[in-house]
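This is a predicted model, so every value here is computed, not measured. Values reported hereafter were calculated over all heavy atoms of this structure, with side chains retained and with hydrogens, waters and symmetry mates removed. Note that the numbering runs from 1 along the sequence shown for the chain.
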Amino acid sequence: MLNTYDWEKEAEKKWDERAAFWNKSSKEMWDTGSRSTVIPFFKKYVSEGSKVIDIGCGDGYGSFLLMQEGMKVTGADLSPEMIRLAKQHEKEGRLEFRQANIMSMPFGDGEADALLTINCLEWTADPLAGLQELKRVVKKEGYLCIAVLGPTAHPRENSYGRLYGKDVICNTMMPWEFEKLALENGWELIDSQGVYKRGVTEDMVHKLSAELKQSLSFLWLFMLQKKGEDKR
């Protein structure tokens, strides 16, 4: 039987439906919650004045924080409703938002100095194709800061239906799988760090191997740098 399921269209629909709910908690997530370490991590490698594309920007609050750090930012998201909410943050010449699909983005080759994408590739049917598109739009030696959901992240419940043969919009890619995929396809790992659920302290994890830390994580942040041709 022909499978007519449109993963991207379903993802767009789902995030449109969730946009208002997301918007209610977004500021707290970025300021004091699970995403509070993202901007400091990003600033370690990406300087003021850099041209940044924030892919999967949601309601745009993270993009707004990047702009406040002196970067020129374009936020992009699959969801028209998310982009509608994000546009409240726009500042002419400093911050703009566009509806765009990570699988085929409306940006030129090597257009960005750096990319930020937080929990976005997990919602694609073909993570490798998405990763290659990210590689296309960032300049050589440019940076990609990307976060992948860890095993303990609640949003992974969106892939549970696959066990019943249902179509789902969340793939099951783990942080260590993404890391291998990136290293095999023209990226160099510069840095990484974990984000854990409340109650997990640094004392609990600091002696663990990177693999075990990733296994306990809510999400895992990677800083990658584009390096020439694919290493196949």
Identify whether Leu121 and Ile55 are in the same connected component of the hydrophobic contact network (ILVMFWY, side-chain heavy atoms under 4.5 Å).
yes
If you count every heavy atom of other residues, nucleotides or ligands that lies below 6.0 Å from Lys91 atom NZ, does the total exceed 12?
no
What I'd like to find out is whether the side chain of Asp167 reaches to under 4.5 Å of the side chain of Glu10, using heavy atoms alone.
no
Given salt bridge (charged side-chain N to carboxylate O under 4.0 Å, His left out), test Glu141 with Lys227 step by step and report yes or no.
CA-CA 6 Å; Glu141 308 294 329; Lys227 290 290 186 182; 2.9 Å; yes
Compare all side-chain heavy atoms of Met174 with those of Arg156 and state whether any distance is below 4.5 angstrom.
yes
I need the single residue from Asp191, Val148, Val38 that forms a side chain to side chain contact (heavy atoms under 4.5 Å, CB included) with Leu221. Which is it?
Val38
Can you tell me how far the OH atom of Tyr61 sits from the OG atom of Ser25, to the nearest 0.5 Å?
12.5 Å
Would you indicate whether the side-chain heavy atoms of Phe97 and His89 approach each other to under 4.5 Å?
yes
Should Leu115 and Met103 be regarded as members of a common hydrophobic cluster, given that ILVMFWY residues are connected when their side-chain heavy atoms come within less than 4.5 Å of each other, either directly or indirectly?
yes
Check Lys140, Lys139, Arg136 against Asp109 for a salt bridge (charged side-chain N to carboxylate O under 4.0 Å, His left out) and give me the one that passes.
Arg136
Kindly indicate whether the side chain of Leu66, heavy atoms from C-beta on, has any atom under 4.5 Å from the side chain of Ile39.
yes
Verify same cluster id: Leu144, Ile118 (apolar side-chain graph, 4.5 Å)
no
For a quick test of reading the model, state the closest non-hydrogen atom pair linking Cys145 to Phe41 and the distance between them.
SG-CD2, 3.8 Å
Test your reading of the model: is there a side-chain donor-acceptor pair from Asn171 to the backbone of Glu122, 3.5 Å cut-off?
yes
Identify every side-chain donor-acceptor pair in residues 67-78 under 3.5 Å, counting partners at least two apart or on other chains, and give the distances.
residue, atom, partner, partner atom, Å
Glu69, OE1, Lys43, NZ, 3.1
Thr74, OG1, Glu96, OE2, 3.3
Asp77, OD1, Ser79, N, 2.9
Asp77, OD2, Cys57, N, 3.3
Asp77, OD2, Gly58, N, 2.8

Hydrophobic cluster membership, with links at side-chain heavy-atom distances under 4.5 Å among I/L/V/M/F/W/Y: are Phe178 and Phe42 in one?
no
Please evaluate residues Val200 and Leu216 with respect to the criterion side chain to side chain contact (heavy atoms under 4.5 Å, CB included), reporting the C-alpha separation (whole Å), side-chain torsions for both, the decisive distance (0.1 Å), and the verdict.
CA-CA 9 Å; Val200 178; Leu216 291 172; 5.7 Å; no
Is there side-chain contact between Phe64 and Leu95, with at least one heavy-atom pair below 4.5 Å?
yes
Could you go through Ile146 and Trp187, starting from their C-alpha distance and side-chain angles, then the distance that decides it, and tell me whether this counts as side chain to side chain contact (heavy atoms under 4.5 Å, CB included)?
CA-CA 12 Å; Ile146 186 166; Trp187 298 92; over 6 Å; no
For Leu131 and Ala182, which heavy atoms make the closest approach, and how far apart are they?
CD2-CA, 3.8 Å
Hey, are the side chains of Trp123 and Asn158 touching, using non-hydrogen atoms and a 4.5 Å cut-off?
yes
Closest non-hydrogen atoms of Ala114 and Val46, given as atom of the first, atom of the second and distance, are CB-CG2, 3.7 Å
Glu81 CD to Leu85 CG distance, which is reported to the nearest 0.5 Å:
5.0 Å
Nearest heavy-atom pair of Met173 and Pro127: which atoms, and what distance?
SD-CB, 4.0 Å
Is there a chain of hydrophobic side chains (I, L, V, M, F, W, Y, each step under 4.5 Å between heavy atoms) that links Val195 to Met204?
no
Atom CZ of Arg162 and atom OH of Tyr160: how far apart are they, to the nearest 0.5 Å?
9.5 Å
Taken to the nearest 0.5 Å, the spacing of Arg18 CZ from Asp59 CG works out to 14.5 Å
Can you tell me which residue pairs pass the salt bridge (Lys or Arg N to Asp or Glu O under 4.0 Å) test with a partner in residues 207-219, sequence neighbours excluded?
none
Check: Lys226 side chain, Lys135 main-chain N or O, donor-acceptor pair, under 3.5 Å
yes
Closest heavy-atom pair and its distance - Gly62, Asp54:
C-OD2, 4.1 Å
Please walk me through it: do Asp6 and Lys13 pass side chain to side chain contact (heavy atoms under 4.5 Å, CB included)?
CA-CA 11 Å; Asp6 188 329; Lys13 178 182 176 182; over 6 Å; no
Residues that Gln214 engages under side chain to side chain contact (heavy atoms under 4.5 Å, CB included), provided they are two or more places apart:
Pro175, Trp176, Glu179, Trp220, Phe222
Flag if over 12 foreign heavy atoms under 6.0 Å of NZ, Lys87:
yes
Lys51 bridged to Asp113 by N-O distance under 4.0 Å
no
Might you work through the salt bridge (charged side-chain N to carboxylate O under 4.0 Å, His left out) test for Lys180 and Glu177, ending with a clear yes or no?
CA-CA 5 Å; Lys180 183 177 181 181; Glu177 293 177 313; over 6 Å; no
Counting C-beta onward and ignoring hydrogens, is there a side-chain heavy-atom pair between Leu149 and Pro155 closer than 4.5 Å?
yes
Are Leu134 and Met105 close enough that some pair of their side-chain heavy atoms sits under 4.5 Å apart?
yes
Do the side chain of Lys14 and the main chain of Ile169 share a donor and acceptor less than 3.5 angstrom apart?
no
Looking only at non-hydrogen atoms, find the nearest pair between Ser34 and Leu219 and report the distance.
O-CD2, 4.2 Å
